[in-house]
Number of protein chains: 2
Amino acid sequence: MKPHPGGRNPKEPAADARKFIVMPVTIYDVAREAGVSLATVSRVINNSPYVKESTRRRVQETMERLGYEPNLVASALMTKRTRLLALLVPDISNPFFAEVAWGVEDAAAAQNYNCVICNVGDDTRKQAAYVSVLRRKGIDGIIFATAAHDDRLVLSLGKGRYPITLMARDVPSAEVNRVLTDDQKGAFLAAEHLLRLGHRRLVMISEPARIHSSIERQRGFAAALQQAGLTPAVIEADGSDIQAGLRASQALLAMHPRPTAVFCANDMLAIGVLQAAAAAGVRVPAELSVVGFDGTPLAQIASPPLTTVVQPMREMGRVAVQLLIESLQNGGTPRRVVLEPHLHVGASTGPAPA
Amino acid sequence: MKPHPGGRNPKEPAADARKFIVMPVTIYDVAREAGVSLATVSRVINNSPYVKESTRRRVQETMERLGYEPNLVASALMTKRTRLLALLVPDISNPFFAEVAWGVEDAAAAQNYNCVICNVGDDTRKQAAYVSVLRRKGIDGIIFATAAHDDRLVLSLGKGRYPITLMARDVPSAEVNRVLTDDQKGAFLAAEHLLRLGHRRLVMISEPARIHSSIERQRGFAAALQQAGLTPAVIEADGSDIQAGLRASQALLAMHPRPTAVFCANDMLAIGVLQAAAAAGVRVPAELSVVGFDGTPLAQIASPPLTTVVQPMREMGRVAVQLLIESLQNGGTPRRVVLEPHLHVGASTGPAPA
DNA sequence: CTGTTAGCGCATTCAT
DNA sequence: ATGAATGCGCTAACAG
């Protein structure tokens with residue numbers, strides 16, 4: 001057996017060892033100790049069937065004795081895969097993404113993948129930087145929960161150059177995996193609920209128009225209103241969080257006559273409306289009915305508990321992983337999965353005031 | 001110039017190229033195209049000063065033209081560093097960790113590091129598996145927001161074998177970086193506030209005892225009560241989330257005489273109490289005052305808005321990164337930083353009922 | 001079933 | 001200021 005090219009001495013650690021030597025024991029050490037070749041150790045590590053049971057046992061024993069841990073960096077350099085997935089979210093404080101993350105994490109673990117979450121904010125450049133690092137770090141694939149309507153980054157990755165899945169936010173012209181809920185239908189359900197309660201002055205507070213799902217929700221809302229012979233009114237918030245909801249509420253509460261019902265493109269915005277209404281002394285739902293979207297745990301904490309369109313968040317996470325791993329393994333045509341939303345009626349909606 | 005050992009042909013992609021070729025352009029291609037050696041390209045990439053300006057420019061131009069992106073896996077194999085940090089959290093749905101994550105992310109970015117978040121739950125085995133993968137993947141260091149009181153994993157890493165920082169949760173016997181808030185003081189502030197309001201029947205709902213910070217908070221609570229001549233009572237919740245708070249509330253609301261004030265070890269538990277009280281028709285704060293801990297955004301959403309002990313969450317994240325990077329670079333003695341909490345008085349506390 | 005031989009893409013001596 | 005040579009730790013043919 002040829003000695004390790006590095007010609008490294010027997011394992012007495014050098015006196016000048018750097019402070020943090022992460023993984024001193026290599027496959028060579030194991031091979032030498034166990035009296036086998038590199039290849040055999042590698043086979044044991046990778047569960048190759050072509051190893052005699054007794055050999056396998058001996059090698060495994062040696063690995064344990066030496067405290068050997070395979071270096072995934074070296075492995076990745078050869079194999080080009082890391083069994084690591086990344087989930088990109090715009091705002092980790094939004095519980096919608098937390099729920100999605102649980103689903104992703106679950107499904108990834110079930111398939112023996114690990115998953116890391118990256119909080120990239122709304123900053124396009126930061127997002128691009130993360131994607132670059134993740135790719136170059138050998139992350140096998142990325143789940144984007146952050147795509148804008150015409151996201152150039154996603155488009156550039158979409159031509160089969162790197163496996164990705166879009167989550168809950170679409171980029172219509174990209175040929176990539178996506179998992180969405182039927183946003184139009186969800187919004188339609190919300191509007192329908194309010195119309196049935198007798199509301200005639202309805203407003204929608206949408207997210208910024210660059211987010212595709214928000215556009216879809218506007219469509220669904222508009223469709224329901226037009227079907228009822230009403231003209232849809234939309235206030236576009238300048239963000240997606242509670243603060244944005246508070247700001248958008250200024251316009252809402254200033255309208256004359258004041259709307260009796262508002263449909264918000266997500267739960268965070270809706271909570272902003274609830275807070276603004278409370279601050280202005282507007283009673284919910286007596287004077288103002290509020291509907292959210294997402295069905296996050298926050299909706300139940302809110303006061304009053306929100307009526308909201310529920311997305312199957314964890315399920316979406318699971319499906320996203322499924323699609324991504326399929327791409328990873330087959331590289332086939334991207335799939336598009338649309339899940340069904342449903343309406344959860346809380347205490348934030350009631351009959352239109354007389 | 002010796003050709004690339006791989007003897008790879010000029011860059012016409014092979015017809016049988018695998019579906020996802022992540023990074024076809026290598027440093028060899030750049031070197032050949034620019035008419036320089038590997039080493040020079042490497043120097044340009046790493047901003048070595050020993051490159052003539054004109055050469056640097058030419059190489060950079062070539063890199064751009066070819067769309068070259070340095071392979072961090074290969075680089076990491078040599079350098080043993082990735083400029084990647086990981087933040088381990090037990091429950092990404094708890095907004096406390098979301099806030100911390102923002103701080104971590106900020107500070108990391110400022111130092112030109114990237115940060116990934118891993119949601120490892122309460123599962124010790126899962127956590128260990130993640131740590132193993134992260135280390136072996138070459139992650140430079142880990143911030144643990146998950147350590148239990150006697151966390152063996154942390155202890156095993158703590159002997160200077162791998163750079164870590166503990167966040168908001170201590171492992172007293174581990175010699176590692178930590179950033180905490182003064183939990184005893186925070187709890188003391190909460191109890192003091194309630195005592196001043198005239199409450200005499202106070203109960204604390206704590207997290208499971210294996211969490212060190214929860215023990216500290218119990219201490220602070222007990223100290224305040226004893227100082228007032230009262231005997232502290234503690235209900236230990238079986239978790240840290242809203243559901244656990246709801247369950248713990250059963251015991252709380254069943255006590256005779258019923259306590260008039262409750263201090264919860266975190267905001268999630270407190271929200272669980274608020275919900276249980278609402279369901280039982282117990283008015284807050286008229287019949288029951290509730291104090292939380294953390295100062296998450298949730299506290300303000302709650303109804304009524306929570307009185308809570310505020311931890312400087314983002315700052316904690318920033319400090320955690322700072323300590324970690326210091327360890328990375330100097331490998332010196334671990335530091336311990338304790339930050340000050342303060343009390344935010346919301347609407348969930350009021351005078352003790354007559 | 002096992003060993004030998006080549007690199008994966010890059011950083012890093014040592015020359016020059 | 002630049003180039004040639006070497007190997008980081010591992011997997012992947014290809015022999016045997």
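The figures here come from the full heavy-atom set of this structure, side chains too, leaving out hydrogens, waters and symmetry mates. Chain A is the first sequence line, chain B the second, and so forth, proteins listed ahead of strands; every chain is numbered from 1.
Rounded to an integer number of Å, the gap from CZ of A:R32 to C1' of C:dT2 is 19 Å. A:L77 has its CG atom 13 Å from the C1' atom of C:dA11, to the nearest Å. Taking atom NZ on B:K137 and atom C1' on D:dC10, their separation rounds to 13 Å, with Å as the unit. The distance between atom CE of B:M63 and atom P of C:dC10, rounded to the nearest whole Å, is 11 Å. One atom, CG of B:N47, and another, P of C:dT12, lie 13 Å apart when rounded to the nearest Å. Atom-to-atom, CD of B:E69 to C1' of C:dC10 comes out at 15 Å; the value is rounded to the nearest Å. Here D:dG9 presents its P atom at 9 Å from CG of A:D29, a figure rounded to the nearest Å.
Judged as a side-chain hydrogen bond (donor to acceptor under 3.5 Å, both in side chains), the pairs with a partner in residues 123-134 of chain B (not counting sequence neighbours) are, in order, A:E105-B:K126, A:E105-B:Y130, B:Q127-B:T146, B:S132-B:R136. Among residue pairs with one or both ends in residues 36-49 of chain B, none qualify as salt bridge (charged side-chain N to carboxylate O under 4.0 Å, His left out); sequence neighbours excluded.
B:V104 approaches B:C115 most closely through the heavy-atom pair CG1-SG, 3.5 Å. Taking both residues in full, the closest heavy atoms of A:I92 and A:N119 are given as N-OD1, 3.0 Å, listed atom of the first, atom of the second, then distance. Here the closest non-hydrogen pair linking B:A76 and B:T82 is CB-CG2, 3.7 Å. Closest heavy-atom contact between A:V321 and A:L85: CG1-CD2, 4.2 Å.
Remark: A:E61 does not engage A:R58 in a salt bridge, criterion side-chain N to carboxylate O under 4.0 Å.
Between the side chain of A:N71 and the backbone N or O of A:V73, at least one donor-acceptor pair lies under 3.5 Å.
The shortest distance between the side-chain N/O atoms of A:T26 and the OP1/OP2 oxygens of D:dG9 is not below 4.0 Å. Listed pair B:K80 / C:dA11 fails the phosphate criterion, with no side-chain N or O lying under 4.0 Å from OP1 or OP2.
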Quick test: give all pairs of protein nitrogen or oxygen and nucleotides 11-15 of chain D nitrogen or oxygen below 3.5 Å, distance rounded to 0.1 Å.
| from | atom 1 | to | atom 2 | distance (Å) |
| --- | --- | --- | --- | --- |
| D:dT11 | OP1 | A:N46 | ND2 | 3.3 |
| D:dT11 | OP2 | A:S42 | OG | 2.9 |

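The salt bridge (Lys or Arg N to Asp or Glu O under 4.0 Å) search around B:D151 returns none, not counting sequence neighbours.
For residues 48-61 of chain A, proximity to DNA chain C is found at A:Y50, A:V51, A:K52, A:T55, defined as any non-hydrogen atom under 4.0 angstrom from a strand atom.
With a 4.5 Å cut-off on side-chain heavy atoms, A:I117 and A:F97 do not count as touching.
Distance check, rounded to the nearest 0.5 Å: CD1 of A:I45 to CD of A:E69 gives 11.5 Å.
Each end of the helix from C:dC1-D:dG16 to C:dT16-D:dA1 gets its own rotation axis from five pairs of C1' atoms, and the angle between them is 30° to the nearest 10 degrees.
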